[in-house]
Protein chains: 2
Amino acid sequence: MARVRYVMTHRDYRVDHRLSDSDENVHSVWDNSLEPVLTVEPGEVVRFECRDATDRQVTVQTTAEEVPDISFDPVHPLTGPVAVEGAEPGDVLEVELLDLQHKGWGYTLFFPGEMELGLLPEDFDEPGLHIWDLQGDVGQFVDGIEVPLDPFPGVIGVAPGEDGEIGTLPPRSTGGNMDIKHLTAGSTLYLPVEVEGGLFSTADCHAAQGDGEVCVTGIEAPMFVTARFDVRSDKAIEQPQFETPGPFTPTGVDEPMYATSGIDPDLMEATKRAVRYMIDHLHEERGLTRGEAYMLCSAAVDLKINEVVDAPNWTVSAYLPESIFPE
Amino acid sequence: MARVRYVMTHRDYRVDHRLSDSDENVHSVWDNSLEPVLTVEPGEVVRFECRDATDRQVTVQTTAEEVPDISFDPVHPLTGPVAVEGAEPGDVLEVELLDLQHKGWGYTLFFPGEMELGLLPEDFDEPGLHIWDLQGDVGQFVDGIEVPLDPFPGVIGVAPGEDGEIGTLPPRSTGGNMDIKHLTAGSTLYLPVEVEGGLFSTADCHAAQGDGEVCVTGIEAPMFVTARFDVRSDKAIEQPQFETPGPFTPTGVDEPMYATSGIDPDLMEATKRAVRYMIDHLHEERGLTRGEAYMLCSAAVDLKINEVVDAPNWTVSAYLPESIFPE
């Protein structure tokens, strides 16, 4: 596959602290009463080791049949929390993502429809799984399909001001499971601080993902996340904001895409239509099974809102990069 | 502004037919009983002249105060219909977009909130208008901001199978006002044919637009649209699909973006949040008025669905290319 890689400006940095993914550094709920495992000064750099989203229930030997047995109790295993000196409620925590490093493997899976997970549970009775071999910046799918890798943390956030144990599945105003694929190395994330020290944690890294993460997983992968922290008292935000160098296409340059549009009076239904039509396309024109197509959409197909103003019908399209297919 | 332009592969073609934007070639409703103004053979190329979306109610001298007086009766003035020989219900009309040519000016406007148009009518009591000078592939906004132009037809479609006069504001399964900014020159659109001959029309060209078209207008501009037609009996689709070379960023290469995320249990509300936060950002950090910010979002900020699976909260982000600002 001919590819032009996105080249990030090299940044010099030194790692000040390392957090392994051992039990004492891992927690599975947002809870502002958790003691920080590390306290850092603004400007310091931390390298976080992150487990995969299922907390090691999936390995390179796992099969699709075993997917329904995955327990959600340990999801997500977050590394942290890290307190940042001087961060106070109302401040903004600046998180500069310096490096993301996968460990050579990952997986994409979807659950059987009765579990009501993912965008299209009604279309998939049976579970599905693909184990990816990750080599450098390419992941291997089926039929010679190669997906470029641009790793990012799916979960990244600070502790909510609300007291108690709060689940990690939905994202919140303080971040968390936002699954924003553009939070690549070279990006800077801004998070609204709600408790003293911020109490930052990260988890659920993806080696790649399409905008939407439609089957409920990207390329899930254990990973190292290296980040520099700073506290911004000059900024005030309600929900996360970020600067990103992209990439905005899988290869970081414009390239041909095939797109399917969903037109519907409900924005979520328009989204489902766009993805269903793309699954049809991948099945009929590219010979994938529907399950493979669903997973490829989740790993490499982007959802864009074309228009939300031509009442009563909205347009959402799903974009497939054609360069991922063998020539 | 340093820019690297997207370069389309040059395609050789000859224009077989021209349709001016004079009254006899323009209609303002979808209606499958309209007589075609032209019938073409598959493979033929037509150059359509298209009026602006308001049917010449806006000129380069129009002011914001006049915006509420715009009548919706002639919206949209569609050029066509063109019948394609051999196109039958169930077929797919293939429309290869060969060239789009603006006429040197355009406008972006929003209506007063009481008219309930656009994504955020509740935030804008007063109307707004910007007249753009379009020079080659750049449009001039305020404060030295330059928006790259990648023209496309906002309205492009075939006649619905449903009888009667059907409004052109909402897009439908047969296309129409889809406002898909990636339908640039070099793209190929597939439309499901519902009536004999297809009865193709196009209108409402935009010199540029952000994904979402949030204030209800892109850079609206009278334009020429050149397209080649073909009939595909080997393909069957429910709603439009397309191939596109992009661009997927304003300059066609990856570049830094500033993004604001909206996290909410309702996908439309998440979208509104993302845009509101971007308007705040453009106002507070870039010094635009809120009205200017709303229009710039509509012309140059892209909406992406980051995730629609982390129930009950979805993430939508708005992406602003930083290269549009003067250095």
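Heavy-atom basis, side chains included; hydrogens, waters and symmetry copies ignored. Residue numbers begin at 1 in each chain, while the letters A, B, ... track the order of the sequences.
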Is chain B contacted by the side chain of [X], its backbone, both, or neither, given a heavy-atom distance below 4.5 Å?
| X | result |
| --- | --- |
| A:Thr244 | both |
| A:Gln209 | side chain |
| A:Ser261 | both |
| A:Thr249 | both |

Select, from [options], the one with the greatest count of heavy-atom pairs under 4.5 Å involving chain A.
| options | answer |
| --- | --- |
| B:Arg273, B:His281, B:Lys181 | B:Arg273 |
| B:Asp266, B:Val216, B:Val316, B:Ile237 | B:Val216 |
| B:Ala274, B:Pro240, B:Ala259 | B:Ala259 |
| B:Glu284, B:Glu238, B:Glu322 | B:Glu238 |
| B:Arg172, B:Lys304, B:Lys235 | B:Lys304 |

Next item on the list: Considering non-hydrogen atoms only, spot the tightest contact between A:Ile263 and B:Pro171 and give its length.
Entry: CG2-O, 3.7 Å
Note to self: Just checking A:Glu114: does its CD atom have more than 12 heavy atoms from other residues, nucleotides or ligands closer to it than 6.0 angstrom?
What the structure shows: no
Checklist line | Interatomic spacing from NE2 in B:His182 to OG in A:Ser317 - rounded to 0.5 Å | finding: 8.5 Å
Next item on the list: Give, as side chain, backbone, both or neither, the part of B:Thr260 having an atom under 4.5 angstrom from any heavy atom of chain A.
Entry: both
Which residue out of [options] racks up the most heavy-atom pairs below 4.5 Å with chain B?
| options | value |
| --- | --- |
| A:Gln239, A:Glu116, A:Glu213 | A:Gln239 |
| A:Thr315, A:Ile305, A:Asn313 | A:Ile305 |
| A:Tyr190, A:Tyr319, A:Trp314 | A:Tyr319 |
| A:Pro256, A:Gly175, A:Gly154, A:Pro265 | A:Pro256 |
| A:Ala311, A:Gly176, A:Pro170, A:Gly212 | A:Gly212 |

Margin query: Is there a side-chain contact (heavy atoms from CB on, under 4.5 Å) between B:Val308 and A:Met268? Walk through the geometry before answering.
Written below: CA-CA 8 Å; B:Val308 275; A:Met268 182 62 85; 4.2 Å; yes
Next item on the list: State, yes or no, whether a side-chain contact exists between B:Ile180 and A:Asn306 at a heavy-atom distance under 4.5 Å.
Entry: yes
Notebook entry, point to check: Is there side-chain contact between A:Thr271 and B:Leu267, with at least one heavy-atom pair below 4.5 Å?
Noted result: yes
Next item on the list: Give the intermediate values and the outcome of side-chain contact (heavy atoms from CB on, under 4.5 Å) for residues A:Phe242 and B:Met257.
Entry: CA-CA 8 Å; A:Phe242 55 99; B:Met257 301 264 187; over 6 Å; no
Notebook entry, point to check: If we ignore angles and hydrogens, is there a donor and acceptor under 3.5 Å between the side chains of B:Tyr258 and A:Gln241?
Noted result: yes
Next item on the list: Please check if any side-chain donor atom of A:Asp310 sits under 3.5 Å from a side-chain acceptor atom of B:Asn177, or the reverse.
Entry: yes
